[in-house]
Amino acid sequence: MAKPKVFVFAPADPTGNAHKMLEDAGCELILGKANWDTPQGNNEDEMAKMASKNLRIVAKFTIGVDDVDVDAATEMGILVTHGPTESNWGGVAEGTITNMLTLLKKTRERDRYLKTTSGWRDMKLQGTFVGHREEDGYPGITLGIIGLGRIGSRVAKLMRPWGMKMIGYDPYVPDSKFQQFGVERAKDLSTLLKQSDVVTLHVVLTKETRHIINAETLAMMKKTAILVNTSRGYCVDEKALIDALQNNKIAGAALDVFENEPIAADSPFRKMDDRVLISPHMVSSNYGSGLKTGLLWGTQSVIAALKGEVSPYVYNTEVIDQWKSRFGGKSIL
């Protein structure tokens, strides 16, 4: 019997352990052209030629599955699995707060002023006091969190001791979760946008969340507010955001993700001033983290699927019954 083929779109395990696990299980590996530094890899035509009508699983080492047509996979009875590792989503939460505070506290501007001038203090570089003060009743800022999943909840947990008002919008989580993390539930998205001094996005990319931030929703935000996006680039209409920033409709933005990555050399974001903070989709990249657990989960998921078993990391859980009827208990290893 021919060995089952496993196509690895972007080899990401420097130890080689994941590949060895697959090979030891009896798989034939086909390595793709993409890697972490160069996300572009084999094109759709190339991958279509490799596809099989008996495709069982598409496994991701990372949390996001927006680069997979999950609806099509579900319709075809294919499992999609992912790796929601704390080293990944926890790093995103920490990076979100870092970006927010960098903008609010004018950290870069103060540093640059001392390094490039002979002056001492530029009083135009006033920061924002973030938390509530008991002494004089200063209320602090209002933090608006769109999406109260793993990342949004961790942001709220980390910021709660600061004493600021936190409001959230997520129609898919119960009131109990809002209460658990000290977040007031906004009755709708527009309410959150109108009240927040910082709006931070923590949603998966779906038809519903694609361009959830657009010209209309940006117009609802305060002119003094900032936007933070560490979720997915297509959640924000970049043309609308560029217009809002260039015309001072909002005060600033921190972006780790973009509609097209890498962003073009002539992207307007590359030329903007300190009101805009950008990074190359690596907010979760930290020493001591990485994809270790995700690599293991993804590899285990592939081996399980080829054995006719369902792994615990399935994203499109609604397909499980259909998948079992096709492949359940049918091992090809």
Side-chain angles (χ1 to χ4, degrees), residues 86-111 121 123-203 212-213 217-218 220-231 235 250-256 274-277 279 283-284 286:
E86 187 174 6
S87 64
N88 191 318
W89 58 260
V92 175
E94 292 181 0
T96 295
I97 293 169
T98 300
N99 286 344
M100 177 182 79
L101 293 176
T102 297
L103 287 177
L104 292 177
K105 297 297 186 180
K106 300 198 181 299
T107 307
R108 295 170 300 159
E109 295 92 322
R110 294 173 179 179
D111 174 78
R121 289 187 180 133
M123 297 310 294
K124 293 192 295 293
L125 300 181
Q126 295 288 322
T128 299
F129 199 103
V130 173
H132 166 71
R133 294 195 301 258
E134 295 182 1
E135 184 179 81
D136 61 0
Y138 172 78
I141 69 167
T142 297
L143 174 62
I145 305 172
I146 302 176
L148 206 65
R150 295 179 183 88
I151 300 171
S153 296
R154 177 62 65 89
V155 169
K157 180 179 180 180
L158 293 173
M159 295 309 299
R160 191 174 189 176
W162 293 60
M164 68 184 67
K165 179 180 180 180
M166 296 187 291
I167 57 177
Y169 173 75
D170 191 328
Y172 300 103
V173 302
D175 289 342
S176 58
K177 190 167 187 180
F178 282 80
Q179 295 164 2
Q180 177 184 355
F181 292 99
V183 179
E184 176 185 322
R185 184 169 212 146
K187 66 177 182 179
D188 50 35
L189 179 60
S190 63
T191 299
L192 180 147
L193 294 170
K194 291 173 183 177
Q195 293 184 5
S196 299
D197 298 296
V198 176
V199 174
T200 181
L201 281 170
H202 302 293
V203 296
I212 190 172
I213 300 299
T217 51
L218 284 164
M220 298 177 186
M221 292 174 61
K222 299 178 182 179
K223 288 188 175 182
T224 55
I226 64 171
L227 173 71
V228 181
N229 186 17
T230 55
S231 59
C235 294
I250 64 171
L255 308 170
D256 182 60
D274 285 329
R275 293 178 304 136
V276 178
L277 176 64
S279 59
V283 71
S284 65
N286 298 288

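From a predicted model like this one, the values you see are computed outputs, not experimental measurements.
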Point-to-point distance, once rounded to the nearest 0.5 Å, from [atom1] of [X] to [atom2] of [Y]:
X	Y	atom1	atom2	answer
Ile151	Ser231	CD1	OG	8.0 Å
Leu277	Asp256	CG	CG	9.5 Å
Asp274	Glu109	CG	CD	4.0 Å
Arg150	Asn88	CZ	CG	10.0 Å
Ser190	Gln195	OG	CD	9.5 Å

- Trace of the side-chain contact (heavy atoms from CB on, under 4.5 Å) decision for Met100 with Leu143: CA-CA 10 Å; Met100 177 182 79; Leu143 174 62; 3.9 Å; yes

- N-O pairing of Asp136 and Arg133 below 4.0 Å: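 A salt bridge is present here (some side-chain N lies under 4.0 Å from a carboxylate O).
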
For [X] against [Y], the heavy-atom pair lying closest together:
X	Y	answer
Ile226	Met221	O-CE, 4.0 Å
Val203	Ile146	CG1-O, 3.5 Å
Ser284	Val92	CB-CG2, 3.7 Å

Is any side-chain heavy atom of [Y] closer than 4.5 Å to one of [X]?
X	Y	value
Lys222	Asp197	yes
Ile141	Val198	yes
Ile250	Leu218	yes
Thr128	Lys106	no
Met164	Thr142	no
Ile212	Thr217	no

Check whether any side-chain N or O of [X] sits under 3.5 Å from a backbone N or O of [Y] as a donor-acceptor pair, and report yes or no.
X	Y	result
Asn229	Leu255	no
Ser196	Leu192	yes
Thr102	Arg108	no
His202	Ile145	no
Tyr138	Phe129	yes

- Query: After noting the C-alpha distance and the side-chain angles of Met159 and Met166, does the key distance pass the side-chain contact (heavy atoms from CB on, under 4.5 Å) rule?
  - Reply: CA-CA 9 Å; Met159 295 309 299; Met166 296 187 291; 4.1 Å; yes

- Task: Output all residues satisfying salt bridge (Lys or Arg N to Asp or Glu O under 4.0 Å) with Lys124, sequence neighbours left out; order by chain, then residue number.
- Result: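 Partners of Lys124 by the salt bridge (Lys or Arg N to Asp or Glu O under 4.0 Å) criterion, ordered by chain and then number, come out as Asp122.
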
- Message: Quiz question: by atom type and distance under 3.5 Å, do the side chains of Thr96 and Thr230 form a donor-acceptor pair?
- Response: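 Thr230 and Thr96 do have a side-chain donor-acceptor pair below 3.5 Å.
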
- Query: Within a radius of less than 6.0 Å around CD of Gln126, do more than 12 heavy atoms belonging to other residues, nucleotides or ligands occur?
  - Reply: yes

- Does any pair with a residue in residues 153-178 pass side chain to side chain donor-acceptor pair (under 3.5 Å), and if so which ones, sequence neighbours excluded? Glu86-Arg154, Tyr172-Glu208, Asp175-Arg185

- Query: Which is it for Leu201 and Val228 under the side-chain contact (heavy atoms from CB on, under 4.5 Å) test, yes or no, and what are the steps along the way?
  - Reply: CA-CA 6 Å; Leu201 281 170; Val228 181; over 6 Å; no

